[in-house]
Novice: 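Pasting a structure here, questions to come.
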Amino acid sequence: MPHGTLETRLNHQDVALTREPIDAKALLSAVTDVTAGGSVLFVGSTRSQTAGAMTTCLTYEAHEPLARAVLAALVAEARERFALVGCGVVHRLGEVAAGEASIAVAASAPHRKEAFAATEWLMDRIKRDVPIWKCEHSPDGSRTWVHGDMPPNTSGRAAEVMTHP
Amino acid sequence: MPHGTLETRLNHQDVALTREPIDAKALLSAVTDVTAGGSVLFVGSTRSQTAGAMTTCLTYEAHEPLARAVLAALVAEARERFALVGCGVVHRLGEVAAGEASIAVAASAPHRKEAFAATEWLMDRIKRDVPIWKCEHSPDGSRTWVHGDMPPNTSGRAAEVMTHP
Amino acid sequence: MRDDTPTVRVTMFAGVAEAVGTRSVDVPWNGGTVVDLRTAITTMFPVAEPLLSRSAFALGDRYAAADERVPAGADVAIIPPVSGG
Amino acid sequence: MRDDTPTVRVTMFAGVAEAVGTRSVDVPWNGGTVVDLRTAITTMFPVAEPLLSRSAFALGDRYAAADERVPAGADVAIIPPVSGG
């Protein structure tokens, strides 16, 4: 994934929503080339125990077109902000069993600090702004949709980019 | 890699020096279990261009017994400091072609912040304290051993752990 | 409502859809901003008020600003606080 | 030197080995600290002084403190600033 103009970088090739298990290794390979000195891969997983309650599985649902657009804008912003060589995000939807990955984010840069900073920045932004929701399913059959206190940010750089395609 | 006493955690199973290509995916799998909410993998690679000069390949050499001991102590300290689920390091020795990985570090934790912090902390400590040296080979056949300004830290926690096995 | 009443199609997700009991509803709409639309939906579905009060709104595949005007016939989505990752 | 002169075996790596032209040397040693040993080696190999002045030392597979005593017969390694990763 070479550098390019903002327009060419604001594409959906770097982001994916999938109902299959995430291939994190493929994502890491896709974002790396010989100009990269450091690559960081983050994999987020369903824990078997959350806040003391056993969780048998999670399901995720998304506003898919909006989620893809926001993810693409965040990846484009990360590329520019951290001068990345490559960057990509895959989020899983549907049922995710305990121990399986719900998200993978990868970033590569000439130096490691930028790769770490970009990956953490993306995770923070994704957890705030991307319209994907988690539902926790308990062994007793009950389910709980998880919602934080703050709405997603709709006025940031990502929103601006999207309104001027 | 479950938690354990300091003694059981101070083992060399979590660290490896290898002359073969690094299997980063295997390392990431080895450090993750169902209690992990976030796993971070860092892969450091030889860049084709360093400081403006073309580098055809790098070679790495190590004081191998000391490098393994220091790496094992750093991993044990990271596990305790960041309450990790698992942690591991693989460093390659010998010739490493441009674009190939020279190091992989992985850490997993119940929450992502600790996994990121541990991986970055380990990279900082490895680059300061582990007796491994890089030699840059240029297309004209010249070679340059790379040495920073500061000697490794010999009085830190890692050294203490090693002197009281 | 009469057949020619202007409406917007509102799509709901996650806890909002669960509270309201449906994923999609046509809301009578004579124009106004995103904030006005939130008020209209809250009046229709008071049970969802705790989530609606901290939801954003989307028009098509982009987020809408609070003071943006929503045209009749628009595709609107309610976006409560997210929990992906 | 006579055969029964006490020595320490000093192993060198990277730029130190390259500057000195060998990877291992037996240094005559009547006892002293790590700092004393550094001085003795620098006297033998002044060309390596810039690296020796910022090197640590290892005894076996652990780092040695600067004021630690080095026994005759020890296996010592010179550890210049590292560049792994």
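These numbers come from the heavy atoms of this one structure, side chains and all, not from hydrogens, waters or symmetry mates.
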Novice: With a 4.5 Å heavy-atom cut-off, do B/Pro152 and D/Tyr63 have their side chains touching?
Specialist: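 Yes, their side chains come closer than 4.5 Å.
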Novice: Which atom names give the shortest non-hydrogen contact between D/Gly85 and B/Met123, and what distance separates them?
Specialist: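 Closest heavy-atom pair between D/Gly85 and B/Met123: CA-CE, 4.3 Å.
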Novice: Select one option (side chain, backbone, both, neither) describing which atoms of B/Trp145 are under 4.5 Å from chain D's heavy atoms.
Specialist: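 The side chain, not the backbone.
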Novice: If you compare all heavy atoms of D/Asp61 against all heavy atoms of B/Ala69, which two are closest, and at what distance to 0.1 Å?
Specialist: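 For D/Asp61 versus B/Ala69, the nearest heavy atoms are O-CB, 3.6 Å.
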Novice: So which heavy atom on B/Trp133 is nearest to which on D/Ser83, and how close?
Specialist: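 That closest heavy-atom pairing would be CA-OG, 3.4 Å.
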Novice: Quick one: what part of B/Val130 sits under 4.5 Å from any heavy atom of chain D, side chain, backbone, both or neither?
Specialist: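 Answer is backbone: N, CA, C or O of B/Val130 sit under 4.5 Å from chain D.
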Novice: Which answer fits B/His63, side chain, backbone, both or neither, if we ask what part of it has an atom under 4.5 Å from a heavy atom of chain D?
Specialist: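 Answer is both: backbone and side chain atoms of B/His63 are under 4.5 Å from chain D.
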Novice: If you compare all heavy atoms of D/Val82 against all heavy atoms of B/Ile132, which two are closest, and at what distance to 0.1 Å?
Specialist: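 Shortest heavy-atom separation between D/Val82 and B/Ile132 comes out as CB-O, 3.5 Å.
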Novice: How long is the gap from NE2 on B/His147 to CZ on D/Phe13, to the nearest 0.5 Å?
Specialist: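 Reported value, rounded in 0.5 Å steps: 11.5 Å.
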Novice: Let me know if D/Ala64 has heavy atoms under 4.5 Å from chain B in its side chain, its backbone, both or neither.
Specialist: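 The answer is the backbone of D/Ala64.
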Novice: D/Pro81 versus B/Met150: any side-chain heavy-atom pair under 4.5 Å?
Specialist: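 No, side chains not in contact.
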Novice: Please flag which part of B/Ala62 lies under 4.5 Å from any non-hydrogen atom of chain D: side chain, backbone, both or neither.
Specialist: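 Answer is backbone: N, CA, C or O of B/Ala62 sit under 4.5 Å from chain D.
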Novice: Does atom NZ of B/Lys127 have more than 12 heavy-atom neighbours from other groups under 6.0 Å away?
Specialist: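 Yes.
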